[in-house]
Structure formats: C-alpha cells, structure tokens
Amino acid sequence: MPPRKDTLKRRLRSSGGKLLRRFGLLPGGMPDGLGDDERLAGTGLEGEVLLFFPDTADSLYQLRGWYGPLRELHQAQGLTIVCMDSRLARLIRAELDVPVLTIAQESTLDELVARSTLKICLYVNYNPLNFLALRLRSVIHVSLLHGDSDKSVSVSNQVKAYDFSFVAGQAGIDRYARYTALFDAAARCIPVGRPSLDTDPVPPVLTRVDGARPVVLYAPTWEGGQASVAYGSLPTHAVALVSSLMDAGARVIYRPHPLTGVRVPSYGEADARLRELLAGADHTVSEGRALMDDFAAADLLICDISAVANDWLVTGKPIVITRPAGDLTREAATRLLEVAPRLSAADAPRAGELAVREITEDPGRDERIALAEYYLGDIRPGASLERFLTACRDLADLRDREWGRIEANEEGS
C-alpha cells in the first residue's frame, strides 16, 4: 500500500508542476520546462552549430547582443537555438529567423545530438544549467559570454568548463592570464572582436558643433549576482550625478540595465527616483532602443565597469567610468580603467563639471583611441564578423579531427 501512495503523490506533484508551468506561475528566473520533446522524438538537428540557452526572458538581453552574428553564422553553417523555457522560445522566434526548440528532458538533448551533424555548442553566459549540454562529448563547447568587460565575471573560474572562450581582443586574453589560475589563456582564448559591431554598426559619428548643448549617456549596470560583482552606481551615484549634469546644461540619456532591481530593492528605488528627476524635460529614458543609437546621440558616456564601456571605444568619444562603492567589489582591470577618468560616489556632485571638461578638452583622447584595437581587435568594417565566422569554421574542422580520433580509439578498444 505505501508504494502506491508514494506513486500517487509523485503523480500529483507532477500534475501540479505541469499546471504551474502551463499557466506561467513559476517563480521568476525558473524555466517552465514546457518542451517540444514528444514532437522531437526521432528527429535530429540540421546544421553544425547549437546555441544552448536554458534561461528565462529576464536574460534575453544577453542573447540579443548576438542576434546579428548568429544570423550570419546560421547562413554559413546552420544554427539551432535550444531553450528550456517555452515563453522565452516564443520571444526569440518572433525576433530572430533561426530554428528555436524547447526541451524539458536532458535525454531529449542527448537524442537530438546523437541524430545530428552538430560540431559546435555555444553559450552566452555561465548559467549552471549549461552543464546539461556541457556533458556532450561529440561537440566543441565555446563560451561567448554577452560582452567583454573588466568585471571579475570576465575572469570567472567557470571558463575552464568550456573548450574555448571567444574574447574580443588581446585585453581579454591578458585579463584571463593575469587573474585566472591554471588556465592557458593564450591557447584557449580566441579573439574575434565584437562581431555585433559589424552587423549592428554604430551610426556615423557627427562632428560636434562648438557651443552646442552637450549630450551625456548615463548607462549604469545592474546590482550583480553577489557583492563581489556589485558594480552598479544607481543607489550611490545616480541622483547626484545626473542632477549635476543637468545643472551644467547637459541633456541626459539614461539607459537602465534590463535587470535593474531584480535582486536588490535599492536599485529599483534609485531607478524610480532618477526617472522622476528626468521627467518633464528634454531628457530621455532609453528603453527598447538600440545601444548604438544611444552611442551615436551622445557626446560622452558615463557608465559603470561593464561591456558598455569597452564597446564605446569604437566611437572615439570621451568616457567616464564610475568607481564602485562596495568594499567587496573586485575589478579585473586592464588598461581602460587606468586611462579613463573615474568617478567615485563622493565626486558624483561634480559630474557635470567633469563631463564638460572631457567633452570640450578630451585630454585622454590619444591614449583612449589607442586602446580600441587592444580591446576590440581590428575594428575596420567587417573584420570582426569575418574573424568570428572563420573561428567557427576552424573549430568545426578541429571537432571533426578530434571526434574522428576518438571514434577510432573506441572502435579499436
């Protein structure tokens, strides 16, 4: 009798879980697991590349930054995106014209790969669920991440789980070599530039007219997953910083991070205060607008330590980077944090004065422009995209050689 009761309980729990998933009542950040598993039975995936993205819609911004290069990669080698959340998959299908599947069972992924010609698996973050795909032996696993920055997450020990890591430029390789123990950065990091800058290029930078009202883009990052990566300036800098910019006569474009306030309420509260401060004037809260459009509109960027800072280098315009206020926050510093002016919370009330000086005088221009190639590689139009596509082709060839060797060994044993 007890075994029957246990079976019934399991069935009830399973049914309840299905109802929660079906009606979207799961906690935020948890994939709903409503997969296409039954429909996928007996099928395989076309093409050579799989991108595994077991996240929810909160993290879609991480994938969106790769949309342009992924379209090109799909044309070149064939690409399928595999999700574990049906809500997210619907969003991606509406935005990106590549095959998108949802799975609920790890066994479904195994069977799909076994019946496919896949050679490479890509990842845009370090989600622990990535290990469901990382166990696969027949593909080469590549970490793309969703930006190149001097955050310590850019040198996470998790990089060792992947066969290779695509980085933007030499700065990424040097960062890993400097801050990551027992990791051969020179062998396992492949510089590909920022291919999205070729598929979603920065609009032409207009020459600023002397005396014109300055435009400042303020693009803070979110609170981060833990104290060591709390780079966000919203609660500590934002109101004083933006008030100072307004007092100096600047027009402000405020670009909030998509995850602002999801973990620490004070970030959401600071965001609300800032929106209220900017309301009713000719300032802008930039939401749903391409980052490159904000880049083109601004004379100066003020941001936290993030990938936004590195991508801004392609514009050639001045930048100010905030200094984190948290005692536990760690930087994985390369040259940009030494060259760019830094803004502490105590100095935030003088941000307007600093911004005007940087825009009109730009004393660090030559050093900063020299860093563009170090951080981003060759920034000539089309160069990054070609490096990305070439790297993927080369890894597909490497996979064929290695898998052929492994299969030969298994047959001979």
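In what follows, every heavy atom counts, from backbone to side chain, and hydrogens, waters and symmetry copies are set aside.
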Please step through salt bridge (charged side-chain N to carboxylate O under 4.0 Å, His left out) for the pair Glu410 and Arg137, ending with a clear verdict.
-> CA-CA 13 Å; Glu410 289 180 342; Arg137 293 189 303 127; 3.0 Å; yes

For Glu48 and Arg399, what are the C-alpha separation, side-chain angles and deciding distance, and is it a salt bridge (charged side-chain N to carboxylate O under 4.0 Å, His left out)?
-> CA-CA 11 Å; Glu48 297 181 346; Arg399 177 269 179 195; over 6 Å; no

side-chain contact (heavy atoms from CB on, under 4.5 Å) against Arg273, all qualifying residues, sequence neighbours excluded =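 Once residues adjacent in sequence are excluded, the partners of Arg273 under the side-chain contact (heavy atoms from CB on, under 4.5 Å) criterion are Val239, Glu269, Ala270.
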
Any ring pair (Phe, Tyr, Trp, His ring centres under 6.0 Å) pairs touching residues 65-105, not counting sequence neighbours?
->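 Listed by first then second residue: Trp66-Phe388.
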
Exercise: do [X] and [Y] side chains pair donor with acceptor under 3.5 Å:
X      : Y      : value
Asp311 : Tyr375 : no
Ser233 : Tyr218 : yes
Asp304 : Thr322 : yes
Thr56  : Asp85  : no

Is the shortest side-chain N to carboxylate O distance from [X] to [Y] below 4.0 Å?
X      : Y      : value
Glu287 : Arg275 : yes
Asp36  : Arg93  : yes
Lys119 : Asp400 : yes
Arg368 : Asp362 : yes

Taking the six-membered ring where the residue is Trp, are the ring centres of Tyr126 and Tyr162 under 6.0 Å apart?
-> yes

Strictly under 6.0 Å, is that where the ring centroids of Tyr267 and His257 end up?
-> no

Sorted by chain and number, sequence neighbours left out, ring pair (Phe, Tyr, Trp, His ring centres under 6.0 Å) with Phe295 holds for Trp312

Tell me, with the steps shown, if Arg175 and Asp148 meet salt bridge (charged side-chain N to carboxylate O under 4.0 Å, His left out).
-> CA-CA 10 Å; Arg175 196 186 295 117; Asp148 179 82; 3.2 Å; yes

Rounded to the nearest 0.5 Å, what separation is found between the CD atom of Glu386 and the CG atom of Asp378?
-> 11.0 Å

